[in-house]
Amino acid sequence: MTQTLLNLLAIAVPLAVGFASLFAFTTWLERKILARIQNRIGPNRISLPFTRFRRLFGLIQPAADGLKMLAKEDIVPRDADKLLHLLAPILSLVPPMMVLCLLPLELPYATAGMRALQAAALDNAVLLFFAITSLNTLAVFMAGWASRNKYSLLGGMRAVAQMVSYEIPLVLSAAVVIMAAGGMNAQAIVEAQRAQWFIFTPWGLAAFLIFFIASLAETNRSPFDLPEAESEIIAGYFTEYSGFKFALFFLGEYLAIFAVSGLAVTLFLGGGAGPWVAAYPALSCVWFLAKIFALIFVMIWLRGTLPRLRVDQLMGFAWKFLLPLSLLNLFVAAAALKLAKPWLSWPVGALVLYGAAVALSRSHRADAAPRTYSYAE
Amino acid sequence: MRLLGFGILKGMAVTLENFVRSYFDRDRRHHLFTKEYAWEPGAPAEVLPARADTTVTAHSRNFPILLHDGADPMGGIRCVACQICERECPPQCIYIEKDYDEQGKYIKRPAIFDIDLSVCMSCQICVEVCPFDAIVMDSQFELSTANRFGGLLQHRDQLLKSNEYYHRIHPEEARARDDRMAQEKAEKEAKQAAADAAKKKAAEAKAAAEIAAEKSKPEPSAPTAGGAA
Amino acid sequence: MSAAAATAAASYSLVRQPAMETGLLEVSMGPHHPSTHGVFRMDVRLDGETVVALKPVFGYLHRNHEKLAEGMSYLASMPFTDRLDYFNSMTNNWAYALAAEQLLPIEVPERAQYLRVIMAELTRLVNHTSLVGFFLNDLGALGTPLLYAFRERERILDLFEQASGARMMCNYFRFGGLRCDVPEGWLARARAVVDAFPRFLDEFEKLLCENEIVLARTQRVGVLSGAQAVNAGITGPMLRASGVNYDLRKVDRYGIYERFAFRVPLGSAGDCYDRFMIRLLEMRESLKILDAALRDIPTGPVMGNAPRVFKPAASETYGRVESPKGELGFYLIADGTTKPYRYRVRPPSFINLTVLEDLCVGHTIADAVVILGSVDIVLGEVDR
Amino acid sequence: MTLNHYLVLSAILLGIGLLGVLTRRNIIVVLFSIEILFNAANLNFIAFWRFGPNPEALMGPMFALFAIAVAAAEVAVGLALVIAVYRHFKTVDLEKLDTLREP
Amino acid sequence: MIEGVAFYILSTVAVLGALLAVSRRNLVHGVFALLLFFAALSGLFVMLMADYVAAVQVLVYVGAVGILQLFAIMLTEHVTGDDLRRLGARGWFWGLMLAVALPVVLLLPPLLNGEPPVPPAAPQSTARQLGSQLMEHYVVPLEVLALLLTGALIGAVAVAHGPEKDPPGKDRPA
C-alpha cells in the first residue's frame with residue numbers, strides 16, 4: 001500500500017513541478033523568440049537582487065512576473081458569482097495538469113513498479129485525454145459567466161463555440177493514428193511507431209497538420225487567439241480577473257499547450273524515440289521534451305507572423321474545411337492500411353488529400369488572390 | 001498554380017529568416033534597433049555623452065539655454081534683454097525683465113530671464129529671432145523635478161551655460177555659429193574702421209578748412225576758434 | 001404596500017436581466033480604445049456581430065489651432081503645423097510655407113526646392129510604413145509588421161533629427177526656403193537609407209501580400225466606389241484605391257515635381273486590400289523620386305531673400321500639397337498686419353473619415369476596426 | 001461492494017429524477033431531471049453486468065454506450081425544441097404552455 | 001476497504017449533485033451541479049470495471065451535454081439563470097409521494113428474497129473487445145444509431161434555426 005503511494009508520488013511530483021517550472025521557462029522563451037523575430041532584444045534588464053549576476057539574458061524575468069502577479073490586488077467584481085469566479089481558474093488548471101500524466105514519458109529513474117503505475121499504460125489513454133481536455137471549455141464558460149460582465153460573457157461564448165467546434169477535427173485526426181496503431185494505449189502507439197513515425201506517411205502528415213491546427217484553436221493560440229482579441233470590443237473571458245487568478249489562467253493555458261503538443265509528439269513523432277536512445281535510455285525523456293519544445297517554437301513562430309481570423313471565418317474553417325478533410329483522411333488511412341502496399345497507396349493517398357484540400361479551399365474563397373495594379377502617368 | 005497556404009509559408013519564411021539572422025548576420029545584429037537608453041543607472045548625472053546610437057545625439061535639440069563667453073556667467077552674458085524672443089515665442093513661455101544699475105540706467109543685461117519648460121515646445125523660434133546669438137538649444141533632457149509648480153520654471157542662473165559647454169554638446173553647430181559671429185564682428189570692425197577713417201578724414205578736412213579760413217581772415221577773435229575745433 | 005411592491009419590482013427588475021435576444025447592442029468603442037488610432041470614439045449599434053449603424057465621435061484632441069494662429073505672427077504658427085498630422089510634420093510645414101509664399105512671393109532657391117521634395121518624400125515613406133504596420137496590427141498580427149516598419153522609420157527619423165534637430169516636430173521649413181542647410185554627410189546617409197529601403201519593401205510584401213489570412217480579412221471589405229469617393233471629397237491613396245486618378249503632385253505640379261518621372265498606382269476594387277496595396281506601391285514610386293532628387297541636388301543657399309518681418313498685403317490664398325493622407329490645404333486671409341486675419345486648414349483625414357459609416361455598415365465589428373485602420377486617420381489633423 | 005448497494009443508489013437517483021420532472025415548472029430543469037433518470041438506468045446496466053452471470057458478453061457496457069448516444073441525441077433535440085418554444089411563447093414555464101388544452 | 005470508502009464518497013457526491021441540480025433556483029448553478037453528478041457517476045463506472053464507458057460518459061456528458069444545456073439557458077429567458085418558481089411550485093406534495101413510493105416498490109423484491117449473487121472474477125472489458133463486438137454482433141444497432149444521430153443533428157438545427165431573417169447588411173460579404 002505505502003509502496004504504491006511512494007511510486008505514485010515519485011511519478012506525480014516531478015511531472016507537476018517539472019511542467020510548472022517549464023511554464024516559467026516557456027514564457028521567457030516566448031518573449032525572447034518573439035523579440036528576435038521582431039528585431040528586438042527581449043527582456044534582459046532584470047537582475048538577481050543581492051548577487052553580482054547582472055542580467056543573465058533576462059532569465060529572471062518569469063520570476064519577476066510571478067512575484068508581480070502574487071503582489072497584484074485580486075479584484076472580484078461586486079455582483080460577480082463569488083464561488084464560480086474563484087472556481088473558474090482552478091478548473092482551467094486542473095484538466096491540463098491531470099492530462100500530463102497520460103503522456104508516455106519514460107522517467108529516467110523509473111523502476112518497474114513505477115512504470116506499471118504510469119497512466120500512459122492505461123487501455124484507453126487517448127480517449128481519457130480528450131475526455132479531460134473537454135473540461136477546459138467549461139472553465140472558459142464559467143469564467144465568462146461568473147464575472148457578470150456583458151462583454152466577458154460574449155467573449156466566453158465565442159471561446160466556447162471555438163473550442164467545441166475544433167474538438168471534432170482534433171479527435172478525428174487522432175482516430176487515424178489509433179486506427180493505424182490498433183489501440184489507444186499511449187505506450188503501444190509509441191511502440192507501433194518504432195519502425196516509422198506516423199508523420200512520414202501521407203495520411204499521417206495530413207492528420208498531424210489537422211491535429212496541430214486544431215490544437216492551436218483548442219488552446220486559443222496564434223491565428224485563433226480570438227478571446228483576447230484586443231482589437232475588437234470583446235476583451236475575452238478573463239477581463240475581470242487580476243492578480244494570481246489571472247496567472248492561473250496563463251498557467252492553465254501553457255500546461256494545455258504542453259499537454260496537446262505532448263500528445264502530438266506521442267501520436268505522430270514517435271514519443272521518446274530518437275538517436276542514441278538505445279545506448280542511454282535516459283535520453284528518451286530528453287527527446288520527448290525536445291520535440292515538445294520544437295512544436296512550441298512553431299507555435300511562437302506562428303504567433304509572430306500571422307494575423308487573426310475573424311469569428312465567422314474561424315467557424316467556417318473548422319466546419320467546412322478541417323472536418324471534411326479529417327473525415328476523408330480517416331477513409332484514406334483505412335484504405336491505405338487495408339491495401340498495405342506503400343508504393344501504391346502513399347502517392348494515391350497524398351494526391352487525393354491534397355486535391356480535396358485545394359478543392360475545398362477553392363470552393364470557399366474562389367477569388368481570394370493577390371491582385372495586379374495599373375499605373376497612371 | 002498558387003499552392004494552398006503558400007502565402008502563409010512565405011510569410012513564415014521571412015520571420016524565420018529575421019529570427020535566424022538576428023543571431024548571425026553582422027549588419028542585422030547591430031541594427032537590432034533597440035537603442036540603449038542614454039542614462040545608465042549609477043552613471044554621474046552630468047552631461048549625457050552625445051553618442052550616435054543613443055537617445056542624445058549631436059543634433060538633438062530639447063530646451064533653450066543662455067550663453068555667456070568667458071568664465072564669469074554674468075560677466076560675459078550675451079543676452080541684452082531686448083525681449084524679441086519673448087514676443088516671438090509661440091507658446092509665450094519666456095519672461096524677461098531688464099536690469100538697471102543704481103542710477104536707474106538700463107544696463108544691457110536681463111535681471112530676470114525665466115523659461116517655463118513645461119510650456120516650452122522646443123521649436124527653436126527664439127534661437128532664430130535672437131539677433132545676439134544669446135539663446136541656443138540644449139540636448140539634455142534629464143530635467144524632471146519633484147515639485148510640479150515651480151520645478152520646471154528655469155531661472156536665469158540655471159539657464160546660463162558657457163559657450164565652451166555649447167561646443168561640447170553641439171560641436172558642428174557651435175563652430176558654424178562662432179564662425180558666423182566672428183565674421184560679422186570682423187565686418188562690423190571693418191565697417192567701424194571704415195566709418196572711423198571716414199570720420200577722421202572728414203575731421204581733418206574740416207580742420208584743414210578751418211586753418212585755411214583762419215589764414216585768409218585777420219586775427220580778431222582767436223580764443224573762440226580754438227574752442228570750436 | 002405600494003412602496004414594498006415598488007421595491008420588490010425594483011429589485012425584481014434589477015435581478016431580471018433581459019435575455020440575450022438579439023436586440024441591437026449599443027457599443028461605444030471609447031476614446032482610448034487600443035485600435036482607434038488616438039482619441040477617437042465610434043458609437044456602434046450591433047445586430048449580433050454585424051454593424052447596423054456607426055457614428056464617429058471626435059474632438060477630444062481639439063487644440064484650437066486655427067483661432068490661436070490668428071493671434072500670432074505668421075512664423076509663430078509654423079511649429080504648430082508640426083502638431084497637425086504628427087506623422088509627417090515636414091509635409092505640413094511645406095503646405096503652410098507654400099500658402100504663405102503665395103501671399104508674399106519669395107523666390108525659393110534651387111537647393112531648397114530639392115531638399116523640400118526630399119523631405120516630403122521621406123515623410124511619405126515614414127507615414128506609409130507606419131500605416132501599413134498599424135493596419136496589420138489591427139488585423140491581429142502581434143506587432144511583427146509594425147516593428148519591421150518602425151525599424152525603417154527609425155532610420156528616417158534619425159535623418160530628420162540630423163537635419164532639423166527634432167525627430168518628429170521638425171519645424172524645418174520657412175517662407176522662402178528652409179531654416180538651415182543639412183549637415184555635411186547627410187546626403188550620403190540619406191542615399192544609404194534610400195538604397196536599403198527596397199530590401200525592406202520586398203520583405204514586407206513577401207510577408208503579407210499573399211498571406212491567405214490577410215486576403216480573407218481584407219478583400220471585399222469596406223468597398224468604396226469611385227463615384228462615392230469623389231462625391232464625399234475623399235483625396236489621397238483612399239481615392240486612388242477606388243480607381244480615380246487624382247494626385248496633386250501631377251495635377252498642381254507644385255515645387256519641382258514635374259522634373260521627376262514617377263507613376264501613380266491605381267486600385268480597381270476600392271476595398272481595404274487595395275488601400276493597403278496602393279500605399280505599398282506608392283512607397284516604391286517615392287523611392288524613384290528620392291533617387292533622382294538625391295542624385296542631382298545642386299549646392300547653394302537654402303533661404304531666399306525673405307523680408308525681415310513677414311507682413312503680406314491684404315489678400316487671400318489657398319495653398320495645397322499632396323500629403324501622404326490626401327490633399328492638405330491652407331487657406332489664409334491676410335489683412336496687411338503681421339497676423340493672419342483667417343487661418344484655415346483643410347485636413348485630409350477628417351474628410352476621409354466622413355465615409356466611415358457607409359464603409360462599415362453590413363460588416364462585422366472586427367471589419368469595422370480594419371476599415372478604420374485602412375482609412376488612416378491621425379487625430380491631430382482630424383481635431384486640429 | 002455488492003449489487004444491492006448499487007441498486008439502492010440508482011433507486012435514490014431515480015427518485016430524485018422523478019422529483020425534478022414532476023415538481024419543477026421550468027422545461028430546462030425537467031430536461032436536467034430526465035438526464036438524471038438516464039444516468040440512473042445506465043448505472044443499473046453496468047451494475048448488473050458487473051455482478052451478472054457471464055460478463056464476457058459485454059451486454060452491460062454495450063447497452064450503456066447506446067443509451068448514452070441516444071440520450072445525447074435526445075438532449076440536442078429537446079433543447080432545440082425548448083429554444084423554438086421560447087421563441088414562440090416567450091416563456092419556458094410549463095404552466096403557461098397549455099394552449100393544447102381547450103380554454 | 002478502499003473500495004467501500006470510494007463507493008460511499010462517490011455515491012454521496014452523485015446524490016448531492018442530483019439534488020442540487022433539481023432544487024437550485026439558479027439554473028447555471030444547477031447545470032454545474034449536474035456536471036458534478038455526471039463526473040461522480042463516471043467514477044462509479046470506473047469502480048465497476050467499465051472504464052471505457054466511464055471515459056465516454058465524461059466525454060459525452062460532461063464535455064458536450066453540459067455545454068449544450070448552458071447554451072440553452074443562455075438563449076432562453078434567464079440569462080442570470082435564476083428561475084423564480086421554487087421547488088414546491090405546483091402539486092409538489094403528490095410529486096414527492098410518487099418519487100418516494102416508486103423506488104421503494106421497485107427495490108423490495110431483490111432486497112427481500114435473494115441474497116446478493118457472489119461477484120465473479122473482475123471481467124476485463126477492453127476497448128478492443130467492445131470494438132470487435134460492436135462491429136460483429138451489434139452492427140445493425142450501430143448503423144441505426146448512426147442514422148438516428150444524423151437525424152437528430154439535422155432536426156435540432158432545423159428546429160432551433162427558426163424563420164429565415166432577411167440578411168442584415170446590403171453587401172454582406174460571402
Between [X] and [Y], is any pair of side-chain heavy atoms under 4.5 Å apart?
X      : Y      : value
D:F66  : E:V144 : no
E:L44  : D:Y6   : yes
D:R50  : E:M47  : no
E:L41  : D:N42  : no
E:H137 : D:L58  : no

### Query
Any sub-3.5 Å donor-acceptor pair from D:R24's side-chain atoms to E:V22's backbone N or O?
yes

Does any backbone or side-chain atom of [X] lie under 4.5 Å from a heavy atom of chain E? Answer side chain, backbone, both or neither.
X     : result
D:I28 : side chain
D:L13 : side chain
D:L65 : side chain
D:F38 : side chain
D:H5  : both
D:I36 : both
D:A64 : side chain

For [X], is it the side chain, the backbone, both, or neither that has a heavy atom closer than 4.5 Å to a heavy atom of chain D?
X      : answer
E:L19  : both
E:L68  : both
E:F71  : neither
E:V157 : neither

### Task
Determine, step by step, whether E:V159 and D:I83 satisfy the side-chain contact (heavy atoms from CB on, under 4.5 Å) criterion, reporting the C-alpha distance in whole Å, the side-chain angles of both residues, the deciding distance to 0.1 Å, and the verdict.
CA-CA 8 Å; E:V159 166; D:I83 291 172; over 6 Å; no

### Message
Distance check, rounded to the nearest 0.5 Å: E:F45 atom CZ versus D:F45 atom CZ?
### Response
10.5 Å

